[in-house]
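Given the structure is predicted, the values throughout are model-derived calculations rather than measurements. These values consider heavy atoms only, across backbone and side chains, with no hydrogens, waters or symmetry-generated copies.
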Amino acid sequence: MKILFAGGGTLGSVTPMLAVADRLRQLNPETKLYWLGTKNGPERTFVTEAKILFKAIPCGKWRRYWSWQNFIDLLKLDIGCLVALYLLISLRPQVVVSAGSFVGVPVGWAAWVLGIPILIHQQDIIPSLSNKLLQGLARKITSVWPNNYFPPNKLVVTGNPVRPDFLYEYKKEKVLNELGFSSDKPILLVVGGGTGAAFLNHLVADNLSELLKCCQIIQIAGENKDCASKTNGFRSFTLVTKEIPKFLKVADLVVTRAGMGFLSELGYLAKPTIIIPIPQSHQEANAKFLESQQAAVVLSQNILTAESFISAIKNLLTDAKLRERLGVNLKKLFPPGADVKIAEIIKQLANNM
């Protein structure tokens with residue numbers, strides 16, 4: 001069986017599909033896996049570490065506002081389609097899988113031309129533009145939750161896959177020693193996503209001395225993003241792959257954006273979370289839904305102050321019952337087994353070619 005994944009630019013479209021790729025290998029060790037992604041995105045590191053053949057293709061990004069770059073990216077899209085067509089003819093996969101990344105669009109169009117079955121996975125509350133463009137061509141559409149955006153005859157509600165790394169047990173004491181942390185202060189993990197979040201990085205850096213009075217901090221700043229210098233009780237990393245599961249295991253509280261891939265991993269571990277969604281993006285709908293389910297504390301970046309940020313962290317770190325309630329509610333929204341469901345659908349599509 002040959003399966004090709006398309007995704008990248010950010011890790012939101014990557015990490016859930018890596019869990020599916022691992023499950024496919026468990027179902028059939030002879031399965032050959034390929035991945036088409038972006039040239040400069042963070043996905044290459046994760047995909048190659050998973051021992052999946054990675055190739056980059058040109059792809060654009062459609063901005064929903066006036067920008068002359070849209071014209072250049074339309075040209076990239078055309079070139080991406082030709083490159084994807086060539087690679088699909090060379091690799092001959094039986095199924096193409098995408099989880100909402102715009103790199104999936106030229107790959108999906110090329111797959112349709114060649115008659116290769118397409119599966120798209122929808123994570124966010126509001127469908128991505130790339131999935132909207134591919135829904136008519138897809139044989140199956142899997143989704144984290146029920147929605148009315150896609151054809152019912154194609155839609156299968158599966159939940160969101162979580163990487164197998166999160167199944168491992170990590171000894172807290174060992175992780176704390178590796179970080180140079182003590183066991184007498186809670187741990188705050190701040191994650192800005194695979195490409196980082198400059199706003200979160202600066203928010204932590206500007207208030208570091210005050211935050212360190214109540215907690216120890218692990219910061220995942222993202223590639224090519226500013227990192228504050230190492231100091232007692234604070235560790236900053238540009239990008240981590242294998243380390244993030246153990247960092248999450250020891251974290252008492254997490255601050256993050258509202259990317260559904262990472263939120264699924266937080267839900268699997270029942271981690272209390274403060275969400276600061278990217279303003280005027282699909283993330284605001286994700287955050288609003290989780291807030292309505294009492295599964296996270298949501299802070300608006302547009303009105304956030306240093307005082308309200310610090311206050312929210314202190315309130316949660318001193319309220320164990322609230323942290324537990326948030327974690328339990330988040331876990332309920334992301335039931336396990338999504339990787340198995342999606343892998344089985346992919347297997348069926350491959351067998352029916």
> Which heavy atom in Leu269 sits nearest to a heavy atom in Lys249, and how many Å separate them?
Replying inline: CD2-CE, 3.3 Å
> How far apart are the C-alpha atoms of Gln348 and Arg139, what are their side-chain angles, what is the distance that settles it, and do they pass the side-chain hydrogen bond (donor to acceptor under 3.5 Å, both in side chains) test?
Replying inline: CA-CA 11 Å; Gln348 291 171 13; Arg139 300 275 183 93; over 6 Å; no
>> Is any side-chain heavy atom of Arg257 closer than 4.5 Å to one of Gln301?
In response: yes
> Is the shortest distance from a Lys or Arg side-chain nitrogen in Arg23 or Glu344 to a carboxylate oxygen in the other one below 4.0 Å?
Replying inline: no
> Can you find a heavy atom in the side chain of Leu155 that is under 4.5 Å from one in the side chain of Thr142?
Replying inline: no
> Under a 4.5 Å side-chain heavy-atom rule over Ile, Leu, Val, Met, Phe, Trp and Tyr, are Leu91 and Leu88 clustered together?
Replying inline: yes
> Roughly how far, to the nearest 0.5 Å, is CG of Asn177 from OG of Ser182?
Replying inline: 10.5 Å
>> Looking at every heavy atom in both Thr38 and Gly9, which two are closest together, and how far apart are they?
In response: OG1-N, 3.4 Å
> Between Glu243 and Arg235, is the closest basic N to carboxylate O distance under 4.0 Å?
Replying inline: no
> Rounded to the nearest 0.5 Å, how far does CZ of Phe234 lie from SG of Cys215?
Replying inline: 10.5 Å
>> Using the rule given for side chain to side chain contact (heavy atoms under 4.5 Å, CB included), can you reason through Ile218 versus Phe181, listing the C-alpha separation, both sets of side-chain angles and the distance that settles it, and then say yes or no?
In response: CA-CA 10 Å; Ile218 307 171; Phe181 286 178; 3.7 Å; yes
>> Ignoring hydrogens, what is the shortest heavy-atom contact between Ala56 and Arg44? Give both atom names and the distance.
In response: CB-NH2, 3.9 Å
> Taking all non-hydrogen atoms of both residues, which atom of Ser98 and which atom of Gly104 are closest, and how far apart?
Replying inline: OG-CA, 3.6 Å
>> Among Asn160, Val157, Thr158, which residue satisfies the side-chain contact (heavy atoms from CB on, under 4.5 Å) criterion with Val144?
In response: Asn160
>> Please identify which of these residues, Ile220, Val255, Thr273, meets the side-chain contact (heavy atoms from CB on, under 4.5 Å) condition with Leu189.
In response: Ile220
>> For Ile278 versus Gln283, what's the shortest heavy-atom pair and its separation?
In response: N-OE1, 3.1 Å
>> Once side chain to side chain donor-acceptor pair (under 3.5 Å) is applied, do any residues pair with Lys55, and if so which ones, sequence neighbours excluded?
In response: none
> Any idea how Phe237 and Phe247 line up, ring-wise: parallel (<30°), tilted (30 to 60°), or perpendicular (>60°)?
Replying inline: tilted
>> According to a hydrophobic-cluster definition based on side-chain heavy atoms being under 4.5 Å apart (Ile, Leu, Val, Met, Phe, Trp, Tyr only), do Ile313 and Ile303 belong together?
In response: no
> How many angstroms lie between atom OG of Ser143 and atom NZ of Lys154, to the nearest 0.5 angstrom?
Replying inline: 14.5 Å
> Does the pair Asp252 and Leu188 meet the rule for a side chain to side chain contact (heavy atoms under 4.5 Å, CB included), with working shown?
Replying inline: CA-CA 6 Å; Asp252 297 286; Leu188 173 69; over 6 Å; no
> Between atom NE2 of His202 and atom CG of Asn207, what is the distance when rounded to the nearest 0.5 Å?
Replying inline: 12.5 Å
> Are Ile274 and Leu253 close enough that some pair of their side-chain heavy atoms sits under 4.5 Å apart?
Replying inline: yes
>> Please report the interatomic distance CZ(Phe5) to OG(Ser101), rounded to the nearest 0.5 Å.
In response: 14.0 Å
> Can Ile275 and Val297 be said to form a side chain to side chain contact (heavy atoms under 4.5 Å, CB included), step by step?
Replying inline: CA-CA 6 Å; Ile275 298 174; Val297 170; over 6 Å; no
> Do Ile3 and Phe54 belong together in a cluster built from hydrophobic side chains that touch within less than 4.5 Å?
Replying inline: yes
> Which pair of heavy atoms, one from Trp109 and one from Cys81, lies closest together, and at what distance?
Replying inline: CE3-SG, 3.5 Å
> Do side-chain atoms of Arg25 reach the backbone of Thr31 as a donor and acceptor pair under 3.5 angstrom?
Replying inline: no
> In this structure, which one of Gln123, His121, Gln122 forms a side-chain hydrogen bond (donor to acceptor under 3.5 Å, both in side chains) with Asn131?
Replying inline: Gln122
>> Under 4.0 Å between a side-chain nitrogen and a carboxylate oxygen: does that hold for Lys288 and Glu291?
In response: no
> Is the closest side-chain heavy-atom distance between Leu290 and Leu333 below 4.5 Å?
Replying inline: yes
> Any donor and acceptor pair, going by atom type alone, linking the side chain of Asn315 with main-chain N or O of Ser311 inside 3.5 Å?
Replying inline: yes
>> Could you walk me through whether Phe334 and Trp145 satisfy the ring pair (Phe, Tyr, Trp, His ring centres under 6.0 Å) test, starting with their C-alpha distance in whole Å, then the side-chain angles of each, then the deciding distance to 0.1 Å, before giving a yes or no?
In response: CA-CA 9 Å; Phe334 297 102; Trp145 299 301; 5.4 Å; yes
>> Could you walk me through whether Lys271 and Glu265 satisfy the salt bridge (charged side-chain N to carboxylate O under 4.0 Å, His left out) test, starting with their C-alpha distance in whole Å, then the side-chain angles of each, then the deciding distance to 0.1 Å, before giving a yes or no?
In response: CA-CA 9 Å; Lys271 288 295 174 179; Glu265 295 169 345; over 6 Å; no
> Between Lys332 (side chain) and Gly327 (backbone), is there a donor-acceptor pair under 3.5 Å?
Replying inline: no
>> Can a donor-acceptor pair be found, under 3.5 Å and without considering hydrogens, that links the side chain of Glu284 to the backbone of Gln280?
In response: yes
> Should Leu4 and Leu87 be marked as a side chain to side chain contact (heavy atoms under 4.5 Å, CB included) after you check the CA-CA gap, both sets of side-chain angles, and the distance that decides it?
Replying inline: CA-CA 10 Å; Leu4 185 142; Leu87 290 172; 5.9 Å; no
>> Evaluate Lys2 against Glu30 for salt bridge (charged side-chain N to carboxylate O under 4.0 Å, His left out), listing each step before the verdict.
In response: CA-CA 9 Å; Lys2 295 181 179 181; Glu30 301 302 315; over 6 Å; no
> Any chain of hydrophobic side-chain contacts (each under 4.5 Å) joining Leu82 to Leu114?
Replying inline: no
